[in-house]
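The structure appears right after this line, and notes come after that.
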Protein chains: 2
Amino acid sequence: MSSDNQTKKTGNIRVKSQVKILSAARTEFVLQGYRGATVQSIADRAELPKANILYYFKNKENIYHAVLENTLEMWDQGIGDIVPDEGPKIAIEKFIAAKVRMSFNHPEASKIYAMEIIQGAQHLKDYARTYQRQWVREKAKLFQHWIDNGEMVNVDPVHLIFLIWSATQHYADFDTQILTIMNQADFEEHDVEQVIAFLSDIILRGCGLI
Amino acid sequence: MSSDNQTKKTGNIRVKSQVKILSAARTEFVLQGYRGATVQSIADRAELPKANILYYFKNKENIYHAVLENTLEMWDQGIGDIVPDEGPKIAIEKFIAAKVRMSFNHPEASKIYAMEIIQGAQHLKDYARTYQRQWVREKAKLFQHWIDNGEMVNVDPVHLIFLIWSATQHYADFDTQILTIMNQADFEEHDVEQVIAFLSDIILRGCGLI
DNA sequence: GTCTATAAAACGATAGAC
DNA sequence: GTCTATCGTTTTATAGAC
């Protein structure tokens with residue numbers, strides 16, 4: 001029993017420390033880039049000695065891989081899906097709303113991903129080549145089906161997906177620029193709803209769904 | 001005269017070296033980030049000794065500033081403008097086409113800019129606060145005028161600008177991902193025209209202009 | 001204006017005491 | 001599992017010969 005307790009306690013410290021480290025690392029990687037984020041700066045932000053960071057993750061590259069995996073998993077779960085059941089209008093509306101909400105709630109996740117792609121997707125090539133390509137093809141087929149059925153106008157389904165991705169993620173990746181232009185310190189709930197309404201409106205009309 | 005010639009020659013070497021260095025630096029900064037791009041890696045890419053790089057730019061930060069200025073100037077000149085003379089349809093069409101062409105022809109410029117914004121726009125805060133905010137307000141007023149005149153449907157002009165920016169720049173910043181998904185090695189002229197046609201079509205219809 | 005050699009600092013990673 | 005001290009390397013930047 002005492003051994004069980006100790007194991008649990010130890011496991012807890014392990015998990016808690018790892019969560020703290022990953023959170024600190026994510027922020028540092030966003031702010032400074034992979035090379036600019038030092039193990040020391042991650043340690044300082046996590047409020048742990050540098051050696052502990054390397055005790056848990058062995059080296060800096062492992063920290064980054066863990067952050068990347070962690071981030072992709074969270075992002076994939078949050079953005080929902082495009083499903084055939086309710087027709088194109090509801091499907092696109094729901095997808096836009098989910099992606100906009102994710103962008104406003106987890107900008108760092110989108111930024112980590114964006115920086116990875118911009119720099120050449122060295123750690124994500126397989127991800128795009130297998131999982132993502134498959135997803136896009138599946139959804140493109142669904143859009144094409146709706147187009148052939150006369151349920152929406154004839155727009156390129158693949159580029160439509162790119163449009164929704166870019167327009168929604170923009171509010172995460174470029175938040176600094178957008179806030180400066182809008183002359184605000186932070187986004188508020190009302191901004192999120194306004195963006196969802198704007199993008200749904202213009203994209204649905206663009207697809208002949210309004 | 002011989003002194004004039006020498007001055008000219010010297011000036012030429014100076015300019016040529018600086019152009020070579022800035023081009024190499026831009027590529028390295030995109031691929032490795034600010035901290036990841038070393039003076040040595042820039043020197044190697046420019047095919048010059050490291051000391052020469054620092055002879056021309058004194059330190060690494062100066063190289064980055066020069067790249068940033070250079071890039072912004074080029075980008076600003078290339079994307080054209082939104083002008084009132086020909087009405088909303090032609091104005092938006094021309095702006096989209098210019099931005100898409102710039103994105104496909106100079107992806108590195110867009111990437112440098114994107115990474116700067118994502119990381120917090122430390123070197124661009126003033127640029128967004130003065131020049132860019134002014135530009136957006138001016139164009140938003142123009143869109144609002146068209147809306148009030150019944151020439152286009154009532155969409156938020158500021159978010160419309162964000163939409164056009166994000167959708168067009170996406171093809172520069174995320175080129176790696178897009179090419180992987182489309183299963184292509186490179187973009188071709190036909191891709192550029194297809195993107196222009198797609199984005200013009202869907203955004204103009206979204207604005208009630210088709 | 002070009003290039004080599006090197007000083008000075010920063011960084012990743014490890015050893016080993018507690 | 002925590003932390004200090006330190007090693008080896010990389011990197012920025014400069015000094016100085018050509």
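Numbers restart at 1 for each chain; the letters A, B, ... are given by sequence-line order, proteins then strands. Keep in mind the model is a prediction, meaning the values are calculated, not measured.
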Note to self: For B:Phe174, give me all partners under ring-ring contact (aromatic ring centres under 6.0 Å, His included), at least two apart in sequence or on another chain.
What the structure shows: B:His170

Check: Does A:Lys60 make a cation-pi contact with A:Tyr34, if we ask for NZ or CZ under 6.0 Å from the ring centre and within 45° of the axis?
Finding: yes

Next item on the list: Measure the distance from CD1 on A:Ile63 to C1' on C:dA13 and round it to the nearest whole Å.
Entry: 11 Å

Note to self: One character per nucleotide, please: for nucleotides 5-11 of chain D, 5' to 3', B when the base has a protein heavy atom closer than 4.0 Å, S when only the sugar-phosphate does, - otherwise.
What the structure shows: ------S

Check: Quick one: which of D:dT2, C:dC3, C:dG1 gets closest to the side chain of B:Ile13?
Finding: C:dG1

Checklist line | Separation of D:dT4 C1' from A:Asn52 CG (nearest whole Å) | finding: 11 Å

Check: From C:dT2, C:dA13, D:dA13, pick the nucleotide closest to the side chain of B:Asn59?
Finding: D:dA13

Check: Atom CD1 of B:Ile53 and atom P of C:dT2: how far apart are they, to the nearest Å?
Finding: 10 Å

Check: Where do B:His106 and B:Tyr113 land on the ring pair (Phe, Tyr, Trp, His ring centres under 6.0 Å) test, with the steps shown first?
Finding: CA-CA 11 Å; B:His106 303 282; B:Tyr113 182 77; over 10 Å; no

Note to self: Rounding to an integer number of Å, can you tell me how far A:Lys58 NZ sits from C:dA13 P?
What the structure shows: 9 Å

Note to self: Please list, in numerical order, the residues of residues 21-29 of chain A that have a heavy atom closer than 4.0 Å to any atom of DNA chain D.
What the structure shows: none

Note to self: Can you tell me if A:Tyr55 touches the phosphate of C:dA13, counting only side-chain N or O atoms and a distance under 4.0 Å to OP1 or OP2?
What the structure shows: no

